[in-house]
Amino acid sequence: MLEISKSFPGVRALKGVSLSVKPGEVRALLGENGAGKSTLMNILDGVFSEYDGEIRIAGQPVSIRSPRDAQHQGIAMIHQELNLVPELSISDNIFLGRELRTPWGMLDRQRMHAQTVRLLAELDLTIPPTRPVRMARIAEQQLIEVAKALSLNARILIMDEPTSALADAEVHRLFNVIRQLSARGVAVIYISHRLEELQEIADTVTILRDGELIGTHELSQVSRADLIRMMVGRPLQEFFPKGDSLTKDDEELLRVEHLSLSGDASSGRRPLHDVSFSLQAGEIIGLAGLMGAGRTEVLESIFGVHPHRLLKGHVYLQGRLLDARSPQQAIKRGLAFITEDRKGQSLITQLSVRFNISLSALKKFTRWLFIKQLDERAAVIDYIRTLRIKTPGPTAIVNNLSGGNQQKVVLAKCLLTHPRILLMDEPTRGIDVGAKAEIYEQMNRLAANGLGIIMASSELPELLAMCDRILVLCEGRLTGEFGHGQATQEMILEAATTRESTLSSVG
Ligand SMILES: Nc1ncnc2c1ncn2[C@@H]1O[C@H](COP(=O)(O)OP(=O)(O)OP(=O)(O)O)[C@@H](O)[C@H]1O
Ligand SMILES: [Mg+2]
């Protein structure tokens, strides 16, 4: 890609960026939220037809102005925002637009199913190919996207944050697949905010900042600190030590007693078995576990997402029975939930940043029937500033923000409701190191003010650094509990993979 430039109304997303990759190379593409990574790759994948600059493949200038052109050139891309059709089956999604047919022109479902099963097996995924995609969890959907890209047999494979929802084990499986592809001569361009990952899988790295090319390096030649400095433009402290706000007689905020959730095959939910723990004011609890361990289900059960008949056990809020029967009830009692699926559950992406941020909190700004517009606008602008949401202004459409900045909008929206308890599912998914640091700082500040936080995360360094306690789940059961500073990544992984409870008692 030579001297590529691209503008959107009010934003110069790329300024003369050049990038070239060799067959078999794994290139990391790194940069802050809004740096232009997805835009550059979307150009290569033909998503944008208007741009300046030239693209050459094997030395030949080519015209890529549509996804079809890109496919023709052997380019496949896993998009940052999942692009699956929820109502269609996994196999229909994988072959969408290029269905296999029998010699008589009928859909050859048998062959499509068989190939789907084989593709999924490469990723160690055993879900029936006929199951609608909407029943798959985010991590599974991410792997289905990978399978779909693999099925194209591309010679250039672009992965835009393929692992943002994956836990360690799945990431390693994906890396094995990437290594096989690269051995076959496929060039892989890999975008991720998880720096450890890049150092493990990529050979070279290209750094973008504010739409400009900062440089391309051998990964073995640069340290993590170098990478951060190049992408952020300044040195940065990644984690902030959490102040010890807890004392023995601190107030108990939330208690979960013998929580069980019956599995519901039709929704693809995993069951929970007898989960008990309590959360104090000012405490940050981390939930660790592999994909499908039940982390999300714990948060959802507390928040009243599941039908009451599927639940056993009780949840108490400050000593009073909560047992929320709906998210509305939970919100009323002072809970807020940041879900892992921002597009599906959290944002109305066709509307403005301002509308999305203040939506849940509008009551606060309503006096009789009037919205106190000035207050509302000031609060929104305040969050745009503190979380450094990169947007032309509060009226910009959320859909036009970069992925990480959309996630920040979700955070701002929840924080503005001033909850007592914050439930967070993968809160820093897709967020760059600089912005992560800001979010951690916010979390610490909230905890210091007496808020209780429960955070599910697949990123162990984040849990180890941020949490007062880490609870580990395996197949819906609590299998480990560690205080701050007690656990290592290995200990957590071990607890996450043992079925037998290593705990004598919890909670
Ligand atoms: N369709 C669009 N309309 C308007 N602006 C856009 C559009 N797509 C991207 N932008 C803007 O272009 C800039 C670069 O966005 P891009 O999505 O490429 O960032 P990114 O590096 O992928 O960030 P992230 O890590 O958050 O995914 C951002 O300022 C973004 O707001
Ligand atoms: Mg992006």
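These numbers were taken from a predicted model, which means no experiment stands behind them.
Looking at Gln80 and Gln406, their side chains never come closer than 4.5 Å, going by heavy atoms from C-beta outward. Side chains of Arg354 and Thr395 form no contact here, defined as non-hydrogen atoms less than 4.5 Å apart. Annotation: side chain of Glu161 is in contact with side chain of His193 (closest heavy-atom distance under 4.5 Å). Between Leu317 and Arg420 the shortest side-chain heavy-atom distance does not fall below 4.5 Å. Between Leu227 and Leu219 the shortest side-chain heavy-atom distance falls below 4.5 Å. Taking the side chain as every heavy atom from C-beta outward, His418 and Leu451 never approach each other to under 4.5 Å. Side-chain contact check for Ile302 versus Ile421: every heavy-atom pair is 4.5 Å or farther apart. A heavy-atom distance below 4.5 Å is found between the side chains of Leu401 and Ile389.
Under a 3.5 Å cut-off, the side chain of Ser278 and the backbone N or O of Arg255 do not form any donor-acceptor pair. Of the possible donor and acceptor atoms, one in the side chain of Asp468 sits under 3.5 Å from a partner among the backbone N and O of Ile284. Of the possible polar contacts, one joining the Asn356 side chain to the Ile348 backbone as a donor-acceptor pair under 3.5 Å is found. No donor-acceptor distance shorter than 3.5 angstrom exists from the side chain of Glu300 to the backbone of His306, with no hydrogens or angles considered. Within the 3.5 Å criterion, the main-chain N or O of Val315 finds a donor-acceptor partner in the side chain of Asp323. Side-chain atoms of Gln142 come within 3.5 Å of backbone N or O of Pro162 as a donor-acceptor pair. Using a distance-only test at 3.5 Å, with no hydrogens or angles considered, no donor-acceptor pair links the side chain of Ser164 to the main chain of Arg429. Proximity of a side-chain donor or acceptor of Ser262 to a complementary backbone N or O of Leu310 within less than 3.5 Å is detected. Of the possible polar contacts, none joining the His217 side chain to the Val205 backbone as a donor-acceptor pair under 3.5 Å is found. Put simply, the side chain of Gln329 gets close to the backbone of Arg325: a donor and an acceptor are under 3.5 Å apart.
The salt bridge (charged side-chain N to carboxylate O under 4.0 Å, His left out) search around Glu87 returns Arg134, not counting sequence neighbours. With sequence neighbours excluded, the residues forming a side-chain hydrogen bond (donor to acceptor under 3.5 Å, both in side chains) with Lys390 are Asp210, listed by chain and number. Annotation: side chain to side chain contact (heavy atoms under 4.5 Å, CB included) contacts of Gln486 (sequence neighbours excluded): Phe482. Under the side chain to side chain contact (heavy atoms under 4.5 Å, CB included) criterion, Asp226 pairs with Val222, Ser223, Arg229, Met230, sequence neighbours left out. For the side chain to side chain contact (heavy atoms under 4.5 Å, CB included) test, residues two or more places apart in sequence or in another chain that qualify with Ala435 are Asn33, Lys408, Ile431, Asp432. Partners of Asp274 according to the side-chain hydrogen bond (donor to acceptor under 3.5 Å, both in side chains) rule, which considers only residues two or more places apart in sequence or in another chain, are His258. For Phe303, the ring pair (Phe, Tyr, Trp, His ring centres under 6.0 Å) partners are Phe337, not counting sequence neighbours. Contacts of Thr163 classified as side chain to side chain contact (heavy atoms under 4.5 Å, CB included), with partners at least two apart in sequence or in another chain: Leu166, Val171, Leu174, Tyr190, Ser192, Arg194, Glu197. In this structure Glu426 satisfies the salt bridge (charged side-chain N to carboxylate O under 4.0 Å, His left out) test together with Arg295, sequence neighbours excluded. Judged as a salt bridge (charged side-chain N to carboxylate O under 4.0 Å, His left out), and not counting sequence neighbours, the contacts of Arg388 are Glu438. Under the rule for a side-chain hydrogen bond (donor to acceptor under 3.5 Å, both in side chains), Glu212 has no partner lying at least two apart in sequence or in another chain. For Phe8, the ring pair (Phe, Tyr, Trp, His ring centres under 6.0 Å) test picks out Phe48, with sequence neighbours left out.
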Candidate pair Ile492 and Leu464, rule side chain to side chain contact (heavy atoms under 4.5 Å, CB included), full reasoning: CA-CA 10 Å; Ile492 291 179; Leu464 291 168; 3.7 Å; yes
Derivation and outcome, side-chain hydrogen bond (donor to acceptor under 3.5 Å, both in side chains), residues Glu252 and Tyr316: CA-CA 10 Å; Glu252 177 190 90; Tyr316 297 88; over 6 Å; no
Residues Val298, Ile454; criterion side chain to side chain contact (heavy atoms under 4.5 Å, CB included); working and verdict: CA-CA 10 Å; Val298 169; Ile454 308 178; 5.9 Å; no
Derivation of the side chain to side chain contact (heavy atoms under 4.5 Å, CB included) call for Asp160 and Met41: CA-CA 8 Å; Asp160 194 349; Met41 289 302 108; 5.5 Å; no
Full working for side chain to side chain contact (heavy atoms under 4.5 Å, CB included) between Leu322 and Arg333: CA-CA 8 Å; Leu322 169 66; Arg333 298 282 303 273; 3.7 Å; yes
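The two atoms that bring Gly304 and Pro327 nearest to each other are O-CD, 3.3 Å, heavy atoms only. Scanning both residues, Ala293 and Leu473, for their nearest heavy atoms gives CB-O, 3.5 Å. Here the closest heavy-atom approach between residue Gly476 and residue Val275 is recorded as O-CG2, 3.7 Å. Looking at every heavy atom in both residues, Pro427 comes nearest to Met455 through CG-SD, 3.7 Å. Residues Thr349 and Ile397 share a closest heavy-atom pair of O-CG2, 3.2 Å. Shortest non-hydrogen contact noted between Gly294 and Leu272 is O-CD2, 3.6 Å.
Test Thr417, Val380, Val353 against Ser358 for side-chain contact (heavy atoms from CB on, under 4.5 Å) and you get one pass: Val380.
Summarising the geometry, atom CG belonging to Leu14 is positioned 5.5 Å from atom OG1 belonging to Thr39; distances are rounded to the nearest 0.5 Å. We find the CG-CD distance between Leu415 and Gln442 to be 6.0 Å, quoted to the nearest 0.5 Å. To the nearest 0.5 Å, atoms CD1 (Ile189) and NZ (Lys37) are separated by 14.0 Å. One finds the CD1 atom of Ile144 at 13.0 Å from the CG atom of Asn83 (value rounded to the nearest 0.5 Å). Residue Ile357 holds its CD1 atom at 13.0 Å from CG of Leu351, rounded to the nearest 0.5 Å. Atom OG1 of residue Thr386 and atom CD1 of residue Ile381 lie 12.0 Å apart, to the nearest 0.5 angstrom.
Under 4.0 Å is where a charged nitrogen must lie from a carboxylate oxygen, and between Glu481 and Arg469 at least one such pair does.
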